[in-house]
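Since the structure is predicted, the reported quantities are computational estimates derived from the model, not experimental observations.
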Number of protein chains: 2
Amino acid sequence: MNYTTKQRDAVEQVLASSARPLTAQEIWELARKKKSGLGIATVYRALKTLTKGSKAVLVEIPGSAPHYEWQRGRHHHHFLCESCQRVFELEGCVHQVVDLAPKKFKVKRHEIILYGSCEGCAQK
Amino acid sequence: MNYTTKQRDAVEQVLASSARPLTAQEIWELARKKKSGLGIATVYRALKTLTKGSKAVLVEIPGSAPHYEWQRGRHHHHFLCESCQRVFELEGCVHQVVDLAPKKFKVKRHEIILYGSCEGCAQK
DNA sequence: TGATAATTGATAATCTATTATCATTATTGT
DNA sequence: ACAATAATGATAATAGATTATCAATTATCA
């Protein structure tokens, strides 16, 4: 009940080799170069399997389409370039942000999202 | 070209008197108590006018429906209670978060979102 | 008060990402 | 190679929030 297929391999390879989170569309465009004829539905099916297995993570950034990123384990945050619309991973964290909550609130997780221009777009 | 109506007043009053961001549905339910028969479309029309005029702001939190909050001017962030699904405003900020971006990136704004349980839900 | 133009309520339509459907094709264990 | 079953591709369908449409109602001001 879990065959190995070229379509799944293609999706997994695309995600695993990307330095930044990608949209389902981007993944589709890149993966179909490895497996022509690949359907978008199969991309979603593969993404679903990967996220359920904790191999990939859905990244939701207000103001942009849903992105998917390979699960590399380390805690990090994101940057959305409002010019090219690409999402970048940011290293590190400012853990003190959890102190912004009232003392009686229980903070389980947090997100820090920066918006602006990436290196390439900032130069123009 | 801008009549004063009870429906708009109702929507504005609901938003302006709420301590936390509300969804369009919540605003509708509260505002129709002030103006019976109020339609959801009118709520959206009022929200659109208010946000365009910078009197209200759309608050998007991954994992929850869109919320709207009255524009009170002070910089702040949000907390989503994953139990009751309500969004709360948090006072203050940890400005160092902007340093998470690579030096050549230009950071224009940022969002900090905390997730967990609000006071009421944490007790249960 | 009346004419004029904006607003409203009900609801159909839209939008975008994702899922369901189903006939066809491919993978697996024997 | 073969039967059994899972995976695929094309596309219709779905979901949730918001917008468009349009006849009926209402605010405004001369």
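- The separation between A:His67 atom NE2 and C:dT16 atom C1' is 14 Å, rounded to whole Å.
- Partners of A:Ala31 under the side chain to side chain contact (heavy atoms under 4.5 Å, CB included) rule, at least two apart in sequence or in another chain, are A:Ala10, A:Val11, A:Val14, A:Leu38.
- In this structure, the salt bridge (Lys or Arg N to Asp or Glu O under 4.0 Å) partners of A:Glu89, at least two apart in sequence or on a different chain, are A:Arg72.
- Shown here are the side chain to side chain contact (heavy atoms under 4.5 Å, CB included) partners of B:Lys108, two or more places apart in sequence or in another chain: A:Glu82, A:Ser117.
- Taking atom CZ of A:Arg8 as the reference point, atom P of C:dT25 lies 19 Å away to the nearest angstrom.
- Each end of the helix from C:dT1-D:dA30 to C:dT30-D:dA1 gets its own axis, taken as the rotation carrying the C1' atoms of four end pairs onto the next four within a five-pair window, and the two axes meet at 30° to the nearest 10 degrees.
- Looking at residues two or more places apart in sequence or on another chain, you find no salt bridge (Lys or Arg N to Asp or Glu O under 4.0 Å) involving A:Glu69.
- The salt bridge (Lys or Arg N to Asp or Glu O under 4.0 Å) search around B:Lys55 returns B:Glu12, not counting sequence neighbours.
- Across the protein-nucleic acid pair, B:Trp28 atom CH2 and D:dA17 atom C1' stand 13 Å apart, rounded to whole Å.
- Judged as a side chain to side chain contact (heavy atoms under 4.5 Å, CB included), and not counting sequence neighbours, B:Thr49 has no contacts.
- Between B:Tyr44 and the phosphate of D:dT18, there is a side-chain N or O to OP1/OP2 separation shorter than 4.0 Å.
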Polar atoms only, N or O, under 3.5 Å: list the protein pairs with nucleotides 9-16 of chain D and their distances.
| unit_1 | atom_1 | unit_2 | atom_2 | d |
| --- | --- | --- | --- | --- |
| D:dG9 | OP1 | A:Gln7 | NE2 | 3.4 |
| D:dG9 | OP1 | A:Gly37 | O | 3.2 |
| D:dG9 | OP2 | A:Gly39 | N | 3.0 |
| D:dG9 | OP2 | A:Thr42 | OG1 | 2.6 |
| D:dG9 | N7 | A:Arg45 | NH2 | 2.5 |
| D:dG9 | O6 | A:Arg45 | NH1 | 3.3 |

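- Residues satisfying the side chain to side chain donor-acceptor pair (under 3.5 Å) test with B:His67, not counting sequence neighbours, are none.
- Straight-line distance from the NZ atom of B:Lys48 to the P atom of D:dA17: 18 Å, rounded to whole Å.
- Taking atom CG of residue B:Asp9 and atom P of nucleotide C:dT7, one finds them 13 Å apart after rounding to whole Å.
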Please write out each protein N/O paired with an N/O of nucleotides 25-30 of chain D under 3.5 Å, distance rounded to 0.1 Å.
| unit_1 | atom_1 | unit_2 | atom_2 | d |
| --- | --- | --- | --- | --- |
| D:dT28 | OP1 | B:Thr4 | N | 3.4 |

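- Between the C1' atom of C:dA17 and the CG atom of A:Leu47 lies a distance of 12 Å, rounded to the nearest Å.
- A search for side chain to side chain donor-acceptor pair (under 3.5 Å) contacts involving A:Arg45 returns A:Thr42, not counting sequence neighbours.
- Atom pair A:Leu22:CG and C:dA17:C1' shows a separation of 16 Å (rounding to whole Å applied).
- A:Gln96 is linked by a side chain to side chain contact (heavy atoms under 4.5 Å, CB included) to A:Val94, A:Asp99, B:Gln96, counting only residues two or more places apart in sequence or in another chain.
- Under the 3.5 Å distance criterion, with hydrogens and angles disregarded, a donor-acceptor pair is assigned to the side chains of A:His110 and A:His75.
- The two residues B:Val57 and B:Thr51 have their closest heavy-atom pair at N-CG2, 4.2 Å.
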